[in-house]
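Shown next, in structure tokens, is the structure this report addresses.
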Protein chains: 2
Amino acid sequence: MSHPNGRRPATIEDVAREAGVSRAAVSKVLRNAYGVSEGMRTRVGAAIEHLNYRPRIAARAMRGSSFTLGIEIPDFANQFFTMVLAGATTALEGTDYQLIIAPAAGGPGREGYRAIEALADRQVDGVVAISPQVSTNWLERLAEHTPIVMLGRHDASEHYDTVVGDDSEGARLVMEHLLGLGHRRIAHLTRDEEVTAPGSGTPHSLRLETYIASMTESGNGGLVRVQRSGEGDVSAYESTLALLADDEPPTAIFAGHDELAMGALRAVAEVDPGISVAGYDNVRVASHPAVSLTSVDQAGVRMGERAIRLLLERIAGRSEPVHEVIEPSLVVRGSTRPPSAGPPGS
Amino acid sequence: MSHPNGRRPATIEDVAREAGVSRAAVSKVLRNAYGVSEGMRTRVGAAIEHLNYRPRIAARAMRGSSFTLGIEIPDFANQFFTMVLAGATTALEGTDYQLIIAPAAGGPGREGYRAIEALADRQVDGVVAISPQVSTNWLERLAEHTPIVMLGRHDASEHYDTVVGDDSEGARLVMEHLLGLGHRRIAHLTRDEEVTAPGSGTPHSLRLETYIASMTESGNGGLVRVQRSGEGDVSAYESTLALLADDEPPTAIFAGHDELAMGALRAVAEVDPGISVAGYDNVRVASHPAVSLTSVDQAGVRMGERAIRLLLERIAGRSEPVHEVIEPSLVVRGSTRPPSAGPPGS
DNA sequence: GGCACGCAATGAACCGTTTCATGCGGTTCG
DNA sequence: CGAACCGCATGAAACGGTTCATTGCGTGCC
């Protein structure tokens, strides 16, 4: 079935026979290992060319390494993740490694696990993952056998590396900006409970906690308003409509990430374009003049690059964990402005 | 190196010993093959659980199949491709197959080849690819050993399947719409020569050819204006600025795809917001009210789904090729309107 | 001229799984 | 009661690479 028509592809054995040498010799030429003469190299090279030979990575992986890195991604629709991918891809350019990407799927709860396991089962030499939800214990166990770099986790494991943005600081920048503009009635649009469980240390939980802290500290504790939303901008749109149906709707919305912010913008455009919206991630469309979304930049591309570099270091032998924090910055654009003159709160 | 700390993971051998049975028996239980007693199943199951055993796919792939499908994608920044990915992912939900994604990279010219080869080398059971540029001969050769479905190719191979939008029809819809609105000075913003070589049958070449034909047929042959752009909306932005610097700038721009259209919109917003812009792919942001881009919908998500289904059929044994054409439709939005009253052409 | 030495090349073992040809004990049928 | 049969389990041979210990051979040294 694997070769419906045509004969089966050449193996290292065939190459060896054609070149009149041993399998071991061919293997050495392939990996251009030490101790192979010039004549051998050219003869074997010719045979490889002639037979159109390509080594099976699966066979190679059984003893040596697979020269394959895996990266797990929650969702392709969210541009932040594709920025990370872009960074990872460029970081691998020129190396012998190939990147394979596993989308998280497999029913709620199991989301990240399935994909990461699928990668590990395929004998990748290392894994980069964006999974705030998987348990630390489980990761620790996995890390015993496979080098791992986690993105967006604030826990400091002994056995895997992390690359993470300073989510508290990022949220603080947003709140400072909005409060500075004069907003008091600021709502926070965020994801479901499972991603924002207090104390879980997920990015979204930290942003949420910082939001509440900022509101409280600025004396607006009574105006705290948290609106939940599912993933995706459509869900965010609907959630925002619900939010805006309040008796006293907010004058500004701090969205947990840009995907949500895009949905919020859509709703705001319909209901009251005067309402300010700020996001998080500084996704590419945020800079488009028609959108012009104020957002926190946490350098997704650079995060992807760093993650891959850390992973390669690990594979090369490093064993002390590295936990890298990327400092966010706020990019102010047109979607935020002082509150429009409205009636003061009751 | 593969297990820096901790002992090595359990193998099928360990499970067999623990359960007091043969390796072959365990293997059968794993694949729940025919001919294994209830007692055996439970005993082996317990051992697997106890040892936390997971089969190595690499080893499995050496004899049987890898239960892994590969998909090659040119660019993550272009949302059309991530829509295809989303479709492919959902089509695989519930099956035993895992999707691995290889981003095209590896220097100009080699782009698609490298990634597709990397997938084939990893013994995937089948490949979906979006590579207008790779040669038909090369694909035919590859298809002898690996089932393949190509997206966006208009050639009708005997050995691989294709899923493709009707690009001529899509472009015709756009031109009909723009001409119907009263535009005559319509420019076409497209990619570099290599992707649009006349007669190459790539989607972009067909859109370009249809554009020229429509202009000619409508008596506007003298107003044909083709502007090249690199990949990405930034490049499109710059190219559009150049286009708008013409003595007689166009009143409407037909962009080869939405990524280009987004760049064009950016430039248009700065120079003359009255200029109409239409795109192709109906990417998600196109529907955002702030963008509101008229675009051709070719159902990227469904394309991804169909491609995976065709691939699974092939793997299951089908040998006659299938070539599926997806009919496009035009989604009219705010970015196109009648030409603003301007001075008539000289 | 003999000996130790270093480089090239080799044969065989190994990696972890699937598959195939057999073995084995117990029923069913003639 | 023996033969054919059946369901379950097994040992051994693949699969296609890598790695390790060993051999063969030409050199330099004393």
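A, B, ... follow the sequence lines: proteins, then strands. Residue 1 opens every chain. This one's a predicted model, so the numbers in the text were calculated from it and none came from an experiment.
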Handout entry: Phe76(B) and Ile101(A): CA distance, side-chain angles, deciding distance, side chain to side chain contact (heavy atoms under 4.5 Å, CB included) verdict
Key = CA-CA 12 Å; Phe76(B) 290 111; Ile101(A) 303 163; 3.4 Å; yes
List the atom pairs, with distances to 0.1 Å, where a side-chain N or O of residues 122-132 of chain A and a protein N or O form a donor-acceptor pair under 3.5 Å, not counting sequence neighbours.
residue: Arg122(A); atom: NE; partner: Thr68(B); partner atom: OG1; Å: 2.6
residue: Arg122(A); atom: NH1; partner: Ala118(A); partner atom: O; Å: 2.9
residue: Arg122(A); atom: NH2; partner: Phe67(B); partner atom: O; Å: 3.1
residue: Arg122(A); atom: NH2; partner: Thr68(B); partner atom: OG1; Å: 2.8
residue: Asp125(A); atom: OD1; partner: Ser66(A); partner atom: N; Å: 3.0
residue: Asp125(A); atom: OD1; partner: Ser66(A); partner atom: OG; Å: 3.2
residue: Asp125(A); atom: OD2; partner: Ser66(A); partner atom: N; Å: 3.4
residue: Asp125(A); atom: OD2; partner: Phe67(A); partner atom: N; Å: 2.7
residue: Ser131(A); atom: OG; partner: Glu72(A); partner atom: OE1; Å: 3.2
residue: Ser131(A); atom: OG; partner: Glu72(A); partner atom: OE2; Å: 3.1

Practice task
Report the residue (Ala58(A) or Ser65(A)) whose heavy-atom-nearest nucleotide on DNA chain D is the more 5′ of the two.
Solution key: Ala58(A)
Exercise for the section: Please collect all salt bridge (charged side-chain N to carboxylate O under 4.0 Å, His left out) contacts where either partner lies in residues 146-155 of chain A, sequence neighbours excluded, each pair once. Expected result: Arg153(A)-Asp155(A)
Practice task
Could I get the full list of side-chain hydrogen bond (donor to acceptor under 3.5 Å, both in side chains) partners for Arg318(B), not counting sequence neighbours?
Solution key: Asp161(B), Glu313(B)
Handout entry: Any Tyr34(A) side-chain nitrogen or oxygen under 4.0 Å from OP1 or OP2 of dA8(C)
Key = no
Completion exercise
Taken in chain and number order and not counting sequence neighbours, the residues that satisfy side-chain hydrogen bond (donor to acceptor under 3.5 Å, both in side chains) with Arg306(A) are Glu324(A)
Problem - nucleotides 23-28 of chain C: protein proximity per nucleotide (B base, S sugar-phosphate only, - neither; heavy atom, under 4.0 Å) - result: ------
Fill in the blank from the handout: Nucleotide by nucleotide, nucleotides 9-16 of chain C touches protein heavy atoms under 4.0 Å in the pattern (B base, S sugar-phosphate only, - none) BBB-BBBB
Practice task
Can you sort out the partners of Ala86(B) under side chain to side chain contact (heavy atoms under 4.5 Å, CB included), two or more places apart, ordered by chain and number?
Solution key: none
Handout entry: Listed once per pair and sorted, the side-chain hydrogen bond (donor to acceptor under 3.5 Å, both in side chains) pairs that draw on residues 16-26 of chain B, sequence neighbours left out
Key = Glu13(B)-Arg23(B), Glu18(B)-His50(B)
Which pairs of donor and acceptor atoms, one on a side chain in residues 57-64 of chain B, lie under 3.5 Å apart (sequence neighbours left out)?
none

Practice task
Take Arg31(B) and Asp96(B), measure what salt bridge (Lys or Arg N to Asp or Glu O under 4.0 Å) needs, and give me the verdict at the end.
Solution key: CA-CA 11 Å; Arg31(B) 298 166 296 125; Asp96(B) 283 338; over 6 Å; no
Exercise for the section: Look at the side chain of Thr146(B) and the backbone N and O of Ala143(B), then say whether any donor-acceptor pair between them is shorter than 3.5 Å. Expected result: no
Problem - Flag side-chain contact, heavy atom, 4.5 Å: Glu158(A) against Ser319(A) - result: no
Problem - Asp121(B): side-chain hydrogen bond (donor to acceptor under 3.5 Å, both in side chains) partners, not counting sequence neighbours - result: Arg54(A)
Problem - Opening and closing nucleotides of DNA chain D in contact with chain A, under 4.0 Å to non-hydrogen atoms - result: dG16(D) to dT19(D)
Handout entry: Within-4.5 Å side-chain heavy-atom neighbours: Arg41(A) and Asn32(A)
Key = yes
Exercise for the section: For the helix from dG1(C)-dC30(D) to dG30(C)-dC1(D), measure the angle between the helix axis at one end and the axis at the other, each built from five pairs, rounding to 10°. Expected result: 50°
